[in-house]
K.L.:
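Here it is, the structure in full.
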Protein chains: 2
Amino acid sequence: MEKTIITLEEAAKTLKLLGDKTRLTIVGLLKDGECCVCEFVDVLEMSQPSVSQHLRKLRDAGLVKEKRKGQWVFYSLNTSHETYPIMEEILNQIPDQKEKLIALDKAGKRIQCD
Amino acid sequence: MEKTIITLEEAAKTLKLLGDKTRLTIVGLLKDGECCVCEFVDVLEMSQPSVSQHLRKLRDAGLVKEKRKGQWVFYSLNTSHETYPIMEEILNQIPDQKEKLIALDKAGKRIQCD
DNA sequence: TCAGTGTATAAGTATATGCTTATATTTGCA
DNA sequence: TGCAAATATAAGCATATACTTATACACTGA
């Protein structure tokens with residue numbers, strides 16, 4: 001229940017980014033931890049360039065962070081972003097995307113490199 | 001702290017509508033009660049058709065309700081809409097728009113017809 | 001019934017958006 | 001060193017969006 005008052009412009013910018021089914025699903029998936037690009041491609045059933053472009057928008061806005069691990073690039077939520085509290089509230093009110101990752105795991109397609 | 005789980009599609013649709021500075025300001029103004037179209041035109045400093053078109057989008061999505069009072073049409077938040085809890089959380093995290101209505105009142109432009 | 005005020009709609013236009021295909025870049029490994 | 005895999009970027013294109021101006025509609029009051 002944070003009361004981090006941000007500007008209306010910042011809020012609108014974040015909401016616009018999250019007001020897209022693909023990107024909202026992406027942040028929904030990241031709620032449970034980091035994911036790499038190829039996992040998004042599998043789950044979203046979209047082309048790799050399209051996924052990459054959505055991730056870039058989220059990253060440019062600072063909503064997600066990226067981290068390279070070998071040949072993979074992992075994305076995660078940027079919990080220190082000004083609008084993260086809003087995003088968190090939104091994620092609490094939409095269906096959990098966890099099952100999609102579980103299905104991916106069962107198909108042996110989950111990337112783990114620790 | 002409702003836990004009204006809505007579909008991801010519905011959430012995305014609402015967020016897309018609120019992801020616009022004009023429309024976010026409109027719902028921000030409605031947080032404190034109903035407003036008529038000409039008040040939005042004054043506060044937002046936009047053309048009447050433009051305001052009308054934004055209101056129509058919000059109304060078509062069910063986020064706001066309209067009520068005619070004589071020659072004026074008043075809009076208010078639709079608190080029974082499925083995505084209202086999300087909207088409420090968002091409104092709690094952006095600056096209050098009340099001052100703009102107070103300024104309008106001081107300029108003698110606030111419409112009251114009860 | 002007619003003029004004035006408030007609001008909605010229609011049509012046109014410039015820009016934004018989200019995809020596609022093609023190609024570049026980075027890294028791992030034989 | 002060279003090829004394959006993972007990711008990013010570029011360019012092109014169709015559709016969506018948000019404004020504009022012009023006009024239609026609804027209600028009020030003389």
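Just so it is clear: chains get the letters A, B, ... in the order the sequence lines come, proteins before strands, and each one is counted from 1. The analysis underlying the following values was restricted to heavy atoms, covering all of them including side chains, and did not include hydrogens, waters or symmetry mates. What you see is a predicted model; the values in this text were computed from it and never measured.
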K.L.:
I'd like to check the side chain to side chain contact (heavy atoms under 4.5 Å, CB included) partners of A:R56; sequence neighbours left out, ordered by chain and number.
P.N.:
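Side chain to side chain contact (heavy atoms under 4.5 Å, CB included) list for A:R56, sorted by chain: A:R59, A:D60.
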K.L.:
Step by step, work out the salt bridge (Lys or Arg N to Asp or Glu O under 4.0 Å) result for B:K109 and B:E39.
P.N.:
CA-CA 7 Å; B:K109 291 183 173 178; B:E39 292 174 323; over 6 Å; no
K.L.:
Please give, in whole Å, the distance from C:dT26 P to A:K69 NZ?
P.N.:
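Distance, rounded to whole Å: 21 Å.
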K.L.:
Using whole Å, what does the distance between atom C1' of nucleotide D:dA8 and atom CG of A:L58 come to?
P.N.:
15 Å
K.L.:
Tell me the interatomic distance from A:K67, atom NZ, to C:dT27, atom C1', rounded to whole angstroms.
P.N.:
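After rounding, the reported distance stands at 17 Å.
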K.L.:
Of all the heavy-atom pairs spanning B:Q97 and A:L8, show the shortest one and how long it is.
P.N.:
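Closest pair (atom of B:Q97, atom of A:L8, distance): NE2-CD1, 3.3 Å.
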K.L.:
If you compare all heavy atoms of A:K31 against all heavy atoms of A:N92, which two are closest, and at what distance to 0.1 Å?
P.N.:
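Closest approach of A:K31 to A:N92: NZ-OD1, 4.0 Å.
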K.L.:
Nearest whole Å is fine: how far is D:dA16 P from A:K21 NZ?
P.N.:
16 Å
K.L.:
Using the salt bridge (charged side-chain N to carboxylate O under 4.0 Å, His left out) criterion, which residues pair with A:K57? Sequence neighbours excluded.
P.N.:
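Checked A:K57 against salt bridge (charged side-chain N to carboxylate O under 4.0 Å, His left out); zero matches.
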K.L.:
Any side-chain donor paired with an acceptor under 3.5 Å for A:S76 and A:N78?
P.N.:
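No pair is found: no donor N or O on one side chain lies under 3.5 Å from an acceptor on the other.
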K.L.:
If we fit an axis to the first five pairs and another to the last five of the helix from C:dT1-D:dA30 to C:dA30-D:dT1, what angle do they make, to the nearest 10°?
P.N.:
10°
K.L.:
Can you pull every protein N or O that's under 3.5 Å from an N or O on nucleotides 1-6 of chain D?
P.N.:
residue, atom, partner, partner atom, Å
D:dA6, O3', A:Q71, O, 3.4

K.L.:
Take A:K69 and A:E34 through the test salt bridge (Lys or Arg N to Asp or Glu O under 4.0 Å) and record every step on the way to the result.
P.N.:
CA-CA 12 Å; A:K69 287 189 187 176; A:E34 59 185 22; 2.8 Å; yes
K.L.:
Nearest whole angstrom, please: distance from the C1' of C:dT7 to the CD of B:E66.
P.N.:
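Going from B:E66 (CD) to C:dT7 (C1'), I get 10 Å.
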K.L.:
Do A:K106 and A:E99 meet the salt-bridge criterion of a basic N to acidic O distance under 4.0 Å?
P.N.:
no
K.L.:
Restricting to side-chain hydrogen bond (donor to acceptor under 3.5 Å, both in side chains), what partner residues turn up for B:T22, sequence neighbours left out?
P.N.:
none
K.L.:
Do the side-chain N and O atoms of B:T7 and B:E10 include a donor-acceptor pair separated by under 3.5 angstrom?
P.N.:
yes
K.L.:
Could you walk me through whether B:E82 and B:K13 pass the salt bridge (Lys or Arg N to Asp or Glu O under 4.0 Å) test, one step at a time?
P.N.:
CA-CA 12 Å; B:E82 279 183 311; B:K13 188 181 164 194; over 6 Å; no
K.L.:
In whole Å, what is the span from the CG atom of A:L55 to the C1' atom of C:dG18?
P.N.:
14 Å
K.L.:
Return a single string for nucleotides 17-25 of chain D, one symbol per nucleotide in 5' to 3' order, where B is base contact, S is sugar-phosphate-only contact and - is none, cutoff 4.0 angstrom on heavy atoms.
P.N.:
SSBBBB---
K.L.:
Could you check how far NZ of B:K13 sits from C1' of D:dA16, rounded to whole Å?
P.N.:
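After rounding, the gap between these two atoms is 15 Å.
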K.L.:
Taking OP1 and OP2 of D:dA8, is either one under 4.0 Å from a side-chain nitrogen or oxygen of A:Y75?
P.N.:
yes
